[in-house]
Q: 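One structure coming up, written as C-alpha cells, with questions to follow.
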Amino acid sequence: MTNKSFELLVILDITSFDSELSDYDLFQQIIEKASRVLGINKLALVLDDPVLNNCSGYWGFETNESPTKEINDVKSNCFVYKFEDTNDYIYLEQNEPLSIQDQRYYAIFTHSLGDVFAKRRIRESLRQSEEKYRNILANIQEGYYEVDVNGHIIVCNQAFCKLLDYEFDELKGQNMLDFCINKRQVFKLYRQIWETELPKQVNTIKLKRRDGSITYGEASISLTRNNVGVVTGFNGMVRDITERINYQERLEYMSMHDALTGVYNRAYFEKQLDEFPKKQKYPVSMIIADLDGLKLINDSMGHASGDQLLKSFAKILLRVSNSAAVVARLGGDEFGMIIPNCSQSQAKEYVVKIRDLVKQYNQKNSILPISTSIGVACANKPKIALSEVFKTADDHMLHDKLYRSASMKSEIVKALMATLSEKDFVTHGHAARIGKICSEIATKINLPENQKTDLVLLAKVHDLGKVGIPAHILSKSGSLTSQEYEIMKKHSEKGYRIATSSPHLAGISRLILCHHERWDGNGYPLGLKEDQIPVECRIFAIADTYDALTSTRSYRQPISRQQAVKEIENNAGKQFDPDLVKVAIPVLKGMRM
Amino acid sequence: MNVGMGISRLPNTEEALADALKQAATCLEARSLTMVFYTGNHDRDVVRNIARKQLVSCPFITCAMPGLFDQFGIIDHGISVCVFYGVIAKTELFTNAGGLVYQAGQEVGKAIRHFSTKPGAIFLFPSVEQTQLQVLLRGVYANLGPSYTYFGSGSIDPGTEKGVASGGFVGGVINGAFKLTHNIGHGWIPVGEPMLVTRSEKNKILEFDGQPAVKRYSNMVNRTFDDDIQLLDNKYQLGIPCAKQRYLVRDVISIDGQALECVTDVPQNSIVTLMTTSIPALHVVAKKIIEEAVKAHSNPEFALIFDCMSRKRVMGKDFNKEIKSIFTALPSIPTVGLLTYGEIGSQSGVPFYHNKSLSVVIGGRVQ
C-alpha cells in the first residue's frame, strides 16, 4: 500500500465518527482513534458546553487533577484545537515533534470532532425542543391526537387516552371515526377541512368510551403537514365538556320535571298549554287528579309517607298514559294529564283505568291507601283554549272531591286504625279493660250518657296518633332517651289532628289531645291543670295508669292490684284528680279483670 | 538489578519449578519479582502451591502458556521463570472485569501509580477470556501515561501470590536501575480495498460498509463459509491502521451468524483491510524485530520473547526457522521464549494488544 493510499485510509478512519454514541462511548472512540491512528499518548478534551460536558476527560496524564499547566505549556509535540464559537478545546500530545503530515491529520481529526459536537448540540437542541413539546402535550388538559389521511390514530396524549378510557397502545392504528357517535357528520367535517385546508371548530363532538358511555368534546381540527408542506393527516385538540353538557342536561331536566315524582312540573305543563294549539292534535283531553287527605297523611305519618304516596300515584298515571301524553305534577297533591288525540269518552276510559290501578294498589297497600278525586274535560277543536279545558277539568275534580270528602276521610281514619291495630304496640285487651274501668267510674259519678260514650271511644282510640311515631321508638324494649320521649309525646297532637279529620272521631279529638295531661299541670301537650282538663281525660288517666301497672310490658313485670291502687292513691292530687281517685278506688278494688 | 532466567523440561512440576529457579539464581540478593510461565500439561494449582512454598515472600505471577521455547526449539512440557532481583516490585490482580472494563483498567493503573511514583515497567497478563483487551489497556494507561513501559501477553489462568484472575488480568510493576527496550511487529501486509466497520460489539464485527460482516468478508476473499473459519486464518486476517503506517492485526476466529468473531475488540467506525503474508516474510520480519531491539540497548543482559501461537500455526514446521532467526539475532544472553495468545506492546508509548505478532523485551543494567 502506497503512502497516499495509507493516508486516505487514515483520513477515512479519523473522520468516521458515530455522533449518536453515549457521552462515555464517544470519549472512548476519540481516545481509541487518536491513540491508534494518530499515535497520541496524551489527550485532554475540555468541553464547558453543558450539552457536551459529560464527554470531557483527560487521558494519559499522570495526575488525577486537571493537567492545566501541562496543557498550557504547548510544545512542538502538542496540538491544541479550540472549537469554533466556544471555550471548548482538545489537547493532543505525541512523543515526537509534529510533522506536517501529523498537523494535517490532527487538523482533519479535530475539525471532524467539531462537526460531531455541532451535530450533538443540534440533536440535543432538537431533543429538548421535542421534550418540551411532548411535556406540553402530556400536561395540557385538552386531548391531542394526530391521525393519518385515512383517519388512523398515529399519536395522542394522555388526556386524549383518558377521554376515551383507552391506553395509547390500544388506540394506535385505530380509526378515529370508530370512536365518533356521528361518523357521517365527522367524516363530512374532515372532508371540509381537507378541501378548504382551513381549521374547523366543532362545538360538540360525541365520542364513545371503552364502556360504551358517551363523552362530549369541543374540538379544533386542522391539517398536519410534513416538513415539505405535504398534508400527512389531521390533528385535533379536544376539550372534555361532558360535565358541562351533563350539567346543562340536568338543569334542563330539572327545569321541566318534578324532582320528587319524576313527571313533568307545572312550568312544563303550562308551556304545553300555550304551545299545544300549534301542534293541532285534536281532540285533546285533560285529566286533573288530586290526592285526597295528603295533608292528613303528612301530619299523621310524616312527609316521607306522603311523598311515597305521591310517587306511587305518579307511577300509576305514567302507566296509564301513552307516549304522546304529558303527565305533570301541578302542585302539592295535584296532577294533570294532557292527552292528544283523545275524546271525552276516551278520557273517561283513562279515568276508569286510573281508578282500577288505584284499587289494585290499595289492596296491596292497605296501610297507606291512595284516595284520589279526578276531573276530566276535552277540547274538540283548536278554538277552545286549553286553559279553559284545564279550568273545567279542575272544577270537575273539585266537585268529585266534595262528593267524596266525608267518606274519604273516614276511609283514611279507618285505615289508620287498622295500622294502629296491626302495629299492636298496645297490649292486647288494653283498650277494652280501660273502657270497662272508665265506664264504671263514669257511672259512679253520673257522667251524662254522651260523655260516657265518648269516654269509651277515647279508651279505644286514645293512642291513634302513635301511627305517626317511628316503629323503632314504639317497639323499644328499654327506657326511651329524652329525645325519643319528646317524639313519643307528639302522639297526642298527631292523634288530635287525625281525629279532627274524621266525622266519627272529631267529637273526641280534644279528649285525645288531653289524655296525657296531669292534675298538677305537669302533663302534655298543653300543661292543663285540675278542672281545665276534661273530666273524661281525668277518669281515663286513672284507668290507663291502673291497667298499665297491672299489665305485663316488654320492659317490666306487672305489679299487684293492691300495689297499683296504692300507687294511684299516692298520686292523687299530683297526677290524678283527688276526688275522682276517691271514687275510683272502690271500683278498682272491686275489679275482676 | 539482576535478572535470572531458567527453563526446565522436567516432567514433575515441583522438580521442574525448583530446577528453573535454580537456573535463575544468579545472585545472592532476595528475589523482588518472579514470573512463572508453564505449559498447560502442568496443573495450575500444583504450580501455584509450589510457587508459594518455594518463593516464600517474593511477589510472583503465574501464567499458563500454549508453549515455551529456547534456542533448541519448542518446549511442549516445561516451566520457565524470569526472576528480578534488586528492584522495587509489586503485583496487581483484577478478577473478572465484567462490563466495566475501562474502569477496571483505570483502578489497576491508579493502584500501580500509588505504589510506584517513579516511572517503571509494567508486565500485563490478561486472561484470554477477556474480549475487550484493548479497552482494558486504555483504562490501565489512562492514569499512568507514557512514562511507563508496557509489555505482556494474553494467557490462561493468570494469577499472582494473591490468587487467580479468572476472566480478569494480572500485572507486575518494577522500578529500578535498569533499561528495557522493546520492539513488536508481525510481517503481515494489507491487500484489497478498505472496509468501514459500521457496526461492532466488543470482539464481534456485525457489519462492514453497512452490509452483514460475513457476506462482505466472503466477497472480499472470494470464498463462501460454513463455520470453518479455521481454514482461513492462515491466509487472510484483518488489519486496523495505526500510526507510522503500521497495522494492528486482528485474528478472525469464528463465525457467529452474520458476525465475524475476533480475538479481541474491533472498534466501530474504524477502517480495516484484509491482511496476508508469506512464511519467508514472517522470518525476515522476526529477525529484524529482534535486531532493532538489541541495537537499541547498550547493555543487553536478558531477553523475553512473546511470539504469537498463531504464527506457529501459520508456519507449521517452519516455526523452528523463526526460532533460529530470533536466536541468531540475539546475543548470547539468558532468554525465555513464550508462545502467547496475543501480545502487548507499543511503539508510541501507548500499549496495544496485537495479534499474530512477535514482541521482544531486551533488558540490562544501566551503565
Side-chain angles (χ1 to χ4, degrees), chain A residues 1-22 24-44 57-65 67 70 77 92-96 98-99 101-102 105-106 109 112-113 116, chain B residues 100-103 106 109-110 112-114 116-119 132 134-135 137-148 189-200 209 239-248 265-273 275 346-353:
Chain A
M1 190 170 280
T2 63
N3 287 353
K4 292 282 177 197
S5 303
F6 191 82
E7 183 162 342
L8 282 175
L9 217 62
V10 167
I11 291 169
L12 192 55
D13 200 318
I14 59 177
T15 53
S16 299
F17 278 102
D18 183 351
S19 64
E20 295 189 2
L21 291 175
S22 68
Y24 167 79
D25 287 339
L26 181 62
F27 184 63
Q28 288 293 320
Q29 189 175 237
I30 294 166
I31 303 170
E32 196 280 326
K33 283 187 187 295
S35 60
R36 175 174 54 83
V37 189
L38 303 179
I40 67 103
N41 53 32
K42 286 183 185 177
L43 178 147
Y58 300 99
W59 186 74
F61 292 92
E62 296 160 39
T63 170
N64 279 335
E65 303 303 319
E70 214 169 329
N77 60 335
L92 303 165
E93 184 181 319
Q94 64 176 38
N95 275 344
E96 298 155 6
L98 300 182
S99 66
Q101 189 185 50
D102 289 336
Y105 285 166
Y106 282 35
F109 177 72
S112 181
L113 262 185
V116 169
Chain B
L100 304 166
V101 180
Y102 182 79
Q103 286 85 342
Q106 273 185 309
K110 282 178 192 171
I112 290 172
R113 198 159 53 78
H114 183 70
S116 159
T117 49
K118 288 180 186 171
Q132 289 182 282
Q134 193 55 57
V135 178
L137 293 178
R138 273 206 299 276
V140 173
Y141 180 86
N143 293 99
L144 291 173
S147 302
Y148 290 80
I189 55 165
V191 288
E193 61 190 56
M195 297 178 285
L196 177 65
V197 179
T198 44
R199 201 152 71 90
S200 72
D209 302 331
I240 317 174
C242 297
K244 313 293 178 198
Q245 291 206 25
R246 291 170 185 258
Y247 290 86
L248 276 178
D265 39 333
V266 178
Q268 189 166 297
N269 298 304
S270 60
I271 301 295
V272 298
T273 61
M275 303 290 280
S346 76
Q347 274 91 35
S348 62
V350 178
F352 280 93
Y353 185 72

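Everything quoted here is computed from the prediction, not taken from an experiment. To find a chain, count down the sequence lines: A is the first, B the second, and so on, and within it residues start at 1.
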Q: Which bit of B/Q268 comes within less than 4.5 Å of chain A, counting heavy atoms only: side chain, backbone, both or neither?
A: both

Q: Judged by atom type as modelled, is there a donor-acceptor pair below 3.5 Å linking the side chain of A/Q94 to the main-chain atoms of A/G39?
A: no

Q: Looking at B/G349, B/S147, B/S346, which makes the most heavy-atom pairs under 4.5 Å with chain A?
A: B/S147

Q: Evaluate A/R36 against A/D13 for side-chain contact (heavy atoms from CB on, under 4.5 Å), listing each step before the verdict.
A: CA-CA 10 Å; A/R36 175 174 54 83; A/D13 200 318; 3.1 Å; yes

Q: Tell me, side chain or backbone of A/Y105 under 4.5 Å from chain B's heavy atoms, or both, or neither?
A: neither

Q: Is it the side chain or the backbone of A/L38 that comes within 4.5 Å of chain B heavy atoms, both, or neither?
A: backbone

Q: Can you tell me how far the OH atom of B/Y353 sits from the CG atom of B/L137, to the nearest 0.5 Å?
A: 9.0 Å

Q: Below 4.5 Å from any heavy atom of chain A, which atoms of B/I240 appear? Answer side chain, backbone, both or neither.
A: both

Q: Does any backbone or side-chain atom of A/N41 lie under 4.5 Å from a heavy atom of chain B? Answer side chain, backbone, both or neither.
A: both

Q: Ignoring hydrogens and geometry, is there a side-chain-to-backbone donor-acceptor pair from A/D18 to A/E20 under 3.5 Å?
A: yes

Q: Please look at B/Y141 and chain A and tell me whether the side chain, the backbone, both or neither of the residue comes under 4.5 angstrom of a heavy atom of that chain.
A: both

Q: Can you tell me how far apart CD (A/E7) and CD (A/Q101) are? Round to the nearest 0.5 Å.
A: 5.0 Å

Q: Checking heavy atoms, do the side chain of A/I40, its backbone, both or neither come under 4.5 Å from chain B?
A: backbone

Q: Can you label the angle between the A/F17 ring and the A/F109 ring as parallel, tilted or perpendicular, going by 30° and 60°?
A: tilted

Q: Under 4.5 Å from any heavy atom of chain A, what part of B/P241 do you find: side chain, backbone, both or neither?
A: both

Q: Does any backbone or side-chain atom of A/E93 lie under 4.5 Å from a heavy atom of chain B? Answer side chain, backbone, both or neither.
A: neither

Q: Between the side chain of A/W59 and the main-chain N/O of B/R138, is any donor-acceptor distance below 3.5 Å?
A: yes

Q: Over 60° means perpendicular and under 30° means parallel, so classify the ring planes of B/Y102 and A/Y24, tilted if in between.
A: perpendicular

Q: Between A/Q29, A/K33, A/E32, which shows the greatest number of heavy-atom pairs under 4.5 Å with chain B?
A: A/E32

Q: Is it the side chain or the backbone of B/L144 that comes within 4.5 Å of chain A heavy atoms, both, or neither?
A: backbone

